[in-house]
Amino acid sequence: AAYWAADFWRNKFSTKKNITNSYGFPFVGFQTGSDEFFLRLAWESPPSEIGGRTAQWVSFAKGGEYAQFFCDLHLLVNWKFRELARRTSNSDGYFQPGVTYTERTTSNLSARILPPDCVFSPNGVTIVSSKSDVADCAAVLNTRASQFFIELCVGGGDAVYSGSAARHYGPRIVGRTPTPNLSSEDKEAVERSSLRIWRLFQLHDAIAEPGRYFVSPFYALGVPEATVALHSEVVQRFWEDRLLEILEEHYSIDRLITSALGIRGAIEDEMIREMGVHPKELPDSNLQDKEALSADYVRAADELIDLISQR
């Protein structure tokens with residue numbers, strides 16, 4: 001762990017209460033050896049051929065962009081010819097519910113709930129846990145406290161931001177991340193909020209055309225037929241309201257886990273200096289310059305990040 005951190009943080013690593021002992025060890029998985037042969041996009045195969053152990057095509061978790069709690073598993077692996085793959089590591093964990101994350105990325109670690117009947121890759125590291133623990137495992141890893149513990153151990157002199165050098169969130173680092181002692185009541189609250197966030201993100205896929213679960217924004221929201229402009233406005237406003245719900249649910253998880261780990265006072269201040277305040281704690285501000293906001297809205301992400309850092 002980083003030498004500059006307070007003893008509190010380092011001492012937490014000496015306890016046996018961690019991700020591995022609480023939920024399971026993060027496993028690497030199926031290594032194809034030839035993605036061109038083994039992998040297809042989900043919409044390239046007939047639904048009747050997609051399924052579990054006996055199907056030809058199986059959903060494949062292969063890492064991906066930053067996404068907490070939910071991600072669209074848009075890849076399929078040809079399970080019928082699995083004997084031809086380079087390696088089938090930790091096959092006992094396949095087709096089990098779990099929590100997956102991207103092992104090598106330029107972003108912070110983001111944990112997603114992995115449904116059953118899936119296979120995972122070496123870059124889509126997966127914690128195979130009991131079904132009752134999956135939601136709170138994802139919730140714990142997606143808090144600022146866990147992110148701070150992991151940042152203490154991950155090598156690299158650069159802060160994580162888009163365009164920086166990729167770093168590895170190795171299984172042993174994530175597996176040693178300290179976890180809190182949760183009462184049954186707190187565990188239920190964390191699980192409830194975690195699943196609520198998952199369902200809201202899945203709903204977004206149902207109203208967003210690029211999403212795998214897309215049917216129709218009008219069907220999903222029950223909006224009567226009208227103009228395209230009206231539909232677009234309704235969908236946009238609906239999703240903004242859901243984002244606020246997600247923010248509230250995540251904040252309740254973050255505060256509960258922070259408290260359960262005994263992080264308070266000067267220790268919490270240290271975490272905030274490194275990880276920032278939770279977005280829910282940012283002050284409200286009135287929109288003063290609408291033209292400036294409109295200009296920023298259409299900027300590329302990297303350009304916007306550079307602009308904000310200069311300000």
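Start at 1 with the first residue, then count along the sequence.
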Inset, instruction - May I ask you to check whether R112 and T102 show a side-chain donor-acceptor distance below 3.5 Å? - result: yes
Legend entry - W79/F30 aromatic ring centres below 6.0 Å: yes
Legend entry - Close side-chain approach of E270 to W4, heavy-atom, < 4.5 Å: yes
Inset, instruction - Give the intermediate values and the outcome of side-chain contact (heavy atoms from CB on, under 4.5 Å) for residues D136 and Y23. - result: CA-CA 9 Å; D136 54 286; Y23 302 109; 2.9 Å; yes
Legend entry - Heavy-atom pair with the smallest gap, counting every atom of E191 and S132: OE1-O, 3.9 Å
Legend entry - Any T143 side-chain heavy atom under 4.5 Å of I253 side chain: yes
Inset, instruction - Answer yes when E103 and R167 have at least one side-chain N-carboxylate O distance shorter than 4.0 Å, and no when they do not. - result: no
Inset, instruction - Please answer whether the main-chain N or O of V128 pairs with a side-chain N or O of T126 as donor and acceptor at a distance below 3.5 Å. - result: no
Inset, instruction - State, with a plain yes or no, whether a side-chain heavy atom of L141 is found less than 4.5 Å away from one of S110. - result: no
Inset, instruction - Report whether L200 and I113 are members of the same hydrophobic cluster (ILVMFWY, side-chain heavy atoms less than 4.5 Å apart, transitive linking). - result: yes
Legend entry - Backbone of H250 reached by a side-chain donor or acceptor of K280 within 3.5 Å: no
Inset, instruction - Look at the side-chain heavy atoms of Ile, Leu, Val, Met, Phe, Trp and Tyr, link any pair under 4.5 Å apart, and say whether Y66 and L247 land in one connected group. - result: no
Inset, instruction - Decide side-chain contact (heavy atoms from CB on, under 4.5 Å) for L114 and L73; before the verdict, give the C-alpha distance in whole Å, the side-chain angles of both, and the deciding distance to 0.1 Å. - result: CA-CA 9 Å; L114 182 70; L73 297 176; 3.8 Å; yes
Inset, instruction - List the steps and the verdict of side-chain contact (heavy atoms from CB on, under 4.5 Å) for I127 and C137. - result: CA-CA 9 Å; I127 300 164; C137 177; 4.1 Å; yes
Inset, instruction - Compare all side-chain heavy atoms of K62 with those of D35 and state whether any distance is below 4.5 angstrom. - result: yes
Inset, instruction - Answer yes or no: is there a donor N or O on one side and an acceptor on the other, between the side chain of S183 and the main chain of D186, under 3.5 Å? - result: yes
Legend entry - F60-F38 aromatic ring centre distance below 6.0 Å: no
Inset, instruction - Treat each ILVMFWY residue as a node, draw an edge where side-chain heavy atoms are under 4.5 Å apart, and state whether L75 and W57 are in one component. - result: no
Inset, instruction - Using the rule that two of Ile, Leu, Val, Met, Phe, Trp, Tyr join whenever any of their side-chain heavy atoms come within less than 4.5 Å, decide whether L256 and Y251 are in one cluster. - result: no
Inset, instruction - For I257 and P180, work out which heavy atoms get closest and say how close. - result: CD1-CG, 3.9 Å
Inset, instruction - Flag the pair F148 / I263 as yes when at least one side-chain heavy-atom distance between them is below 4.5 Å, and no otherwise. - result: no
Inset, instruction - Decide if atom CZ of R82 counts as having more than 12 heavy atoms of other residues, nucleotides or ligands within a radius under 6.0 Å. - result: yes
Inset, instruction - Applying ring-ring contact (aromatic ring centres under 6.0 Å, His included), run through F27 and F120 and close with a yes or a no. - result: CA-CA 9 Å; F27 290 124; F120 49 92; 7.3 Å; no
Inset, instruction - Hey, could you give me the OG/NZ distance between S194 and K187, rounded to the nearest 0.5 Å? - result: 10.5 Å
Legend entry - Short side-chain to backbone donor-acceptor contact, N142 and Q68, under 3.5 Å: no
Inset, instruction - Please examine the side chains of S146 and L109, heavy atoms only from C-beta on, and report whether any two atoms are closer than 4.5 Å. - result: no
Legend entry - N108, D254, T258 screened by side-chain hydrogen bond (donor to acceptor under 3.5 Å, both in side chains) with R144, the one that passes: D254
Legend entry - Atom pair CZ (R104) and OH (Y101), whose distance is rounded to the nearest 0.5 Å: 14.5 Å
Legend entry - Non-hydrogen atoms of C153 and F13 that approach each other most closely: SG-CZ, 3.6 Å
Legend entry - Inter-residue atom distance I173.CD1 - I19.CD1, 0.5 Å rounding: 13.5 Å
Inset, instruction - With rounding to the nearest 0.5 Å, note down the distance linking OG in S22 to NZ in K17. - result: 4.0 Å
Legend entry - Pairing of R255 and E268 as salt bridge, 4.0 angstrom limit: yes
Legend entry - Spacing of W239 atom CH2 and E245 atom CD [to the nearest 0.5 Å]: 9.5 Å
Legend entry - Ring centre gap for W198 and F70 strictly below 6.0 Å: yes
Legend entry - Short side-chain donor-acceptor distance under 3.5 Å, S14 and N11: no
Legend entry - Sidechain N-carboxylate O distance under 4.0 Å for E303, R299: yes
Legend entry - Ring-face cation of R242 near F238 (centre distance under 6.0 Å, axis angle within 45°): yes
Inset, instruction - Would you indicate whether the side-chain heavy atoms of V154 and Y169 approach each other to under 4.5 Å? - result: yes
Legend entry - Heavy-atom neighbours of R172 CZ exceed 12 at 6.0 Å: no
Legend entry - Donor-acceptor contact below 3.5 Å, side chain H168 vs main chain G170: no
Inset, instruction - Please report the shortest heavy-atom distance between A145 and L261, naming the atom on each side. - result: CB-CD1, 3.7 Å
Inset, instruction - Identify whether V140 and I246 are in the same connected component of the hydrophobic contact network (ILVMFWY, side-chain heavy atoms under 4.5 Å). - result: yes
Inset, instruction - Under the side-chain contact (heavy atoms from CB on, under 4.5 Å) rule, what do L39 and L76 come out as? Steps first, then yes or no, please. - result: CA-CA 6 Å; L39 302 186; L76 303 174; over 6 Å; no
Legend entry - Over 12 foreign heavy atoms within 6.0 Å of NE2, H74: no
Legend entry - Interatomic distance, I197 atom CD1 to S252 atom OG [nearest 0.5 angstrom]: 7.0 Å
Legend entry - Exam field: side chain T32 to backbone A85, donor-acceptor pair closer than 3.5 Å: no
Inset, instruction - Write down the atom of V99, the atom of A138, and the distance for their closest heavy-atom approach. - result: CG2-N, 3.8 Å
Legend entry - Over 12 non-hydrogen atoms of neighbours within 6.0 angstrom of CD in E240: yes
Legend entry - Any V125 side-chain heavy atom under 4.5 Å of V174 side chain: no
Inset, instruction - Considering non-hydrogen atoms only, spot the tightest contact between K12 and T15 and give its length. - result: O-OG1, 2.8 Å
Legend entry - Under 3.5 Å donor-acceptor, N18 side chain and N21 backbone: yes
Inset, instruction - Assess whether atom CD of E65 is packed by more than 12 heavy atoms of other residues, nucleotides or ligands within 6.0 Å. - result: no
Legend entry - L41 backbone acceptor or donor facing E44 side chain under 3.5 Å: yes
